[in-house]
2 protein chains.
Amino acid sequence: MDKHSYTIAEVAKMLKVSPSTVSRAINNAPGVSDSVREKILNFVDEIGYRPNTIAQSLSRGKSNMVALILGDIRNPFYADLAFGIQKNLDTHGYIVTTFNSEYDYRKEIEFIQFAKQYHYCGIILVTVNSKEADKYINKLELPILLVNRITEHYNGSFVVTDNFQAGYIAARHLINLGHKKISFMSGHHKSSTASYQRFLGYRQALKNYCLSYNEQYCLFDLNWKMETGYEAAKKIFSLSPSPDFPSAFLLSNDLLALGFMDYCEEHGIRIPDDVSLVSFDNIVYSGLHRIQLTTVSQHVEKISSEASKVMIDLLEEPSKEPRKIIIEPTLIERNTTRAYKNAES
Amino acid sequence: MDKHSYTIAEVAKMLKVSPSTVSRAINNAPGVSDSVREKILNFVDEIGYRPNTIAQSLSRGKSNMVALILGDIRNPFYADLAFGIQKNLDTHGYIVTTFNSEYDYRKEIEFIQFAKQYHYCGIILVTVNSKEADKYINKLELPILLVNRITEHYNGSFVVTDNFQAGYIAARHLINLGHKKISFMSGHHKSSTASYQRFLGYRQALKNYCLSYNEQYCLFDLNWKMETGYEAAKKIFSLSPSPDFPSAFLLSNDLLALGFMDYCEEHGIRIPDDVSLVSFDNIVYSGLHRIQLTTVSQHVEKISSEASKVMIDLLEEPSKEPRKIIIEPTLIERNTTRAYKNAES
DNA sequence: TTGAAAGCGCTAACAC
DNA sequence: GTGTTAGCGCTTTCAA
């Protein structure tokens, strides 16, 4: 029953040494004889002394907390990311706090300032990528790492998926299946480079295969959520019928796709019989036997391990060149796509 | 472009007042004339000064960080819980750090000690509930709140679901459907009160309706994960056929159920035609049109709002009586259960 | 109402 | 190899 926490001064006094010696011993710093070090370590262990991290941080002028700012931890993609990063950084003695910006750039900026005020030692940011954030990021004196999305004027370290390629292979898959009319349902198009790059990849594929792009059936301001995917489907399928109506859809992420599917199922639109679907992320629920969503994997475990490594580098060797890591996506073919069948055939 | 963060001393000097006056002003403490206060506040705002929270914490002897220790953020139930708690506490000026114990009591204890060393001001704990943790929890001098599960000798504040009731209504639903042989697939039975209470409720229902309990088809050490549910199904369905084989299963949580379903689907066991399934949590994916899992909702948004309220109480009025909050679960009837049909009929 | 000064628990020069 | 001492940036008595 430790009634109160000891201070380093108390420990020093009990051991009849100076606080600095204790400090050196517990921090594995040089300048203590082995015998004294051992004595101190044993004693400290015995009485259960642990240095006050707050005091350490203040004295050292830096903490060991890193902030992870992302859209929404309830998105399984981010939950995986956060889990991985947290676990990796944990083993290196860092502690990470996760902040949900809810895809709102004002919250994001608030959290960035917050991290600064709290003297976090670094920031891992999945930005919503507004012009505003851009300004804040560049005038930040904290080590920062952008994950998944980069801003326009950023030239620091990042770890991202090759989203252009992701969009390209998703579209190509559909094209190879014979689809001619393919629509894109995008997350905040203007603000998210991730979504925008995927869109560009899709456009490129269309172009390369001489297919036309029909903006009428595309949506560009979706909010990455299941409900939004549901609403998107409602909107699209309530459009008056036309020969131009798409036979396949690209959805910006799996959550949107799941919502989209839900609407379809409820309204007798069969997948993949009536329309084909491809999305991005490969969250675990997409692989469920009853779901079988064809999707482009971003390899989240790879992203989180790379991001952890880069962050640790940034923290421990600040002088190093910025690291720019791009990860190749992979198409996971499952069951929401099938060969295009002409109505007349 | 603020090159460096100002200190309170610098601000004071610029304003030709003392640091204490600045401190009082920015903390809304009494003892400053309105005119001076206003002047300080305006200036501080203008130059973008923010007090160093680390220094504040050290000086005050307490921080405003609360630790949330839970099993695994990748479980959507916990993601929802964490999201809600974080959002609520955020608006009260607290910052919450989430730790994943991975259902390992040693990690849990490590995190508890950690929170102490870092001078967190409070802990919200979803314990794995080992005897070990029990000891640590009770000799803790930090405000602590147990969520979802309580330990044997705990007599502090908690917010939990009525898990006995949850188990009872789940089983009763199946019984009303005519099922006679109902099996229970449990999370760590011995260590989790949540799971154990659900099991007890189930046993009680069996008893009340004069049904027999057959341990042979129950499993008690599952690990709350999808893969584990999959393995559980494999294990059960590889048992040699018998007239006692259950026609319905209760699964400790939705993730287990999803994995269980996956195995069944893959092996031609139809749900609900061949076997009925009920589980607990009502994560969002259970409601998907293609899934339609019948489950018992714990009302996670209610849990998180109550937990937040109680934690804030604990922090701000430490003298108050412990709060003990029990939330009633609700059965969500969907599509993984159906009336029992005798093979001969 | 305001300011001076001590101190929170630790680290890191600097001296011995 | 070890100890002394001066901060880190803030809050909070206490005195004015």
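Just so it is clear: chains get the letters A, B, ... in the order the sequence lines come, proteins before strands, and each one is counted from 1.
Residue Gly61(A) is classed as having no contact, given no heavy-atom separation below 4.0 Å to the nucleic acid. Across all strands shown, Ser20(A) has heavy atoms under 4.0 Å from base atoms, whether or not it also approaches the sugar-phosphate. Within 4.0 Å of Ser23(B), counting heavy atoms only, lies at least one base atom of the nucleic acid.
Projected onto DNA chain C by closest heavy-atom contact, Arg50(A) and Val32(B) fall at different nucleotides, the more 5' of which corresponds to Val32(B). Nucleotides of DNA chain C nearest to Ser59(A) and Val36(B) differ in position, and the one nearer the 5' end is that of Val36(B). For the pair Arg24(B) and Pro51(B), both in contact range of DNA chain D, the more 5′-proximal nearest nucleotide belongs to Pro51(B).
Checked against dG9(C), dC10(D), dA13(C), the side chain of Ala55(A) finds its nearest nucleotide in dG9(C). Side-chain proximity of Arg60(B) to the nucleotides dT2(D), dT11(C), dT11(D) is greatest for dT11(D). When distances are taken from the side chain of Gln56(A) to each of dC10(C), dG9(C), dC10(D), the shortest belongs to dC10(C). In this structure, of dC10(C), dT1(C), dG3(C), it is dT1(C) that holds the atom nearest to the side chain of Ser33(B). Taking only side-chain atoms of Thr7(A), from C-beta outward, the nucleotide of dG3(D), dC8(C), dC10(C) with the closest atom is dC10(C). Nearest to the side chain of Val17(B), among dG3(C), dC10(D), dC8(D), sits dG3(C).
Atom P of nucleotide dG9(D) and atom CG of Leu58(B) are separated by 12 Å, given to the nearest angstrom. To the nearest angstrom, P of dC10(D) lies 13 Å from NZ of Lys13(B). Distance Asn28(A) CG to dC10(C) P: 17 Å, rounded to the nearest Å. Rounded to an integer number of Å, the gap from Leu15(B) CG to dG3(C) C1' is 14 Å. Rounded to an integer number of Å, the gap from Ile54(B) CD1 to dG9(C) P is 15 Å. When rounded to the nearest whole Å, the span between CD1 of Ile8(A) and C1' of dC8(C) equals 14 Å. Whole-Å rounding puts the Glu10(B) CD to dC10(D) C1' distance at 13 Å. Asn52(A) places its CG atom 17 Å from the P atom of dC10(D), with the value rounded to the nearest Å.
Between Lys107(A) and Glu110(A) no salt bridge is recorded (no basic side-chain N to carboxylate O distance below 4.0 Å). Remark: Lys87(A) engages Glu102(B) in a salt bridge, criterion side-chain N to carboxylate O under 4.0 Å. Between Glu10(B) and Lys13(B) there is no salt bridge, since none of the side-chain N atoms of the basic residue sits less than 4.0 Å from a carboxylate O of the acidic one.
Taking the centre and axis of the six-membered ring of Trp224(B), the NZ or CZ atom of Arg149(B) falls inside the cone set by 45° and 6.0 Å.
When all heavy atoms are compared, the tightest approach of Leu15(B) to Lys39(B) is O-NZ, 4.0 Å. The minimum heavy-atom distance between Pro19(A) and Ala12(A), with the atom names listed, is N-CB, 3.6 Å.
Between Asn27(A) and the phosphate of dT11(C), there is a side-chain N or O to OP1/OP2 separation shorter than 4.0 Å. The shortest distance between the side-chain N/O atoms of Ser18(A) and the OP1/OP2 oxygens of dT2(D) is not below 4.0 Å. Look at Tyr49(B) and you'll find a side-chain N or O under 4.0 angstrom from OP1 or OP2 of dC10(D).
In this structure, Tyr120(B) has its ring center no closer than 6.0 Å to that of Phe114(B).
Counted by atom type alone, Asp134(B) and Tyr105(B) present zero donor-acceptor pairs between their side chains at under 3.5 Å.
Rounded to 10 degrees, the angle separating the terminal axes of the helix from dT1(C)-dA16(D) to dC16(C)-dG1(D) is 40°, with each axis obtained from five end pairs.
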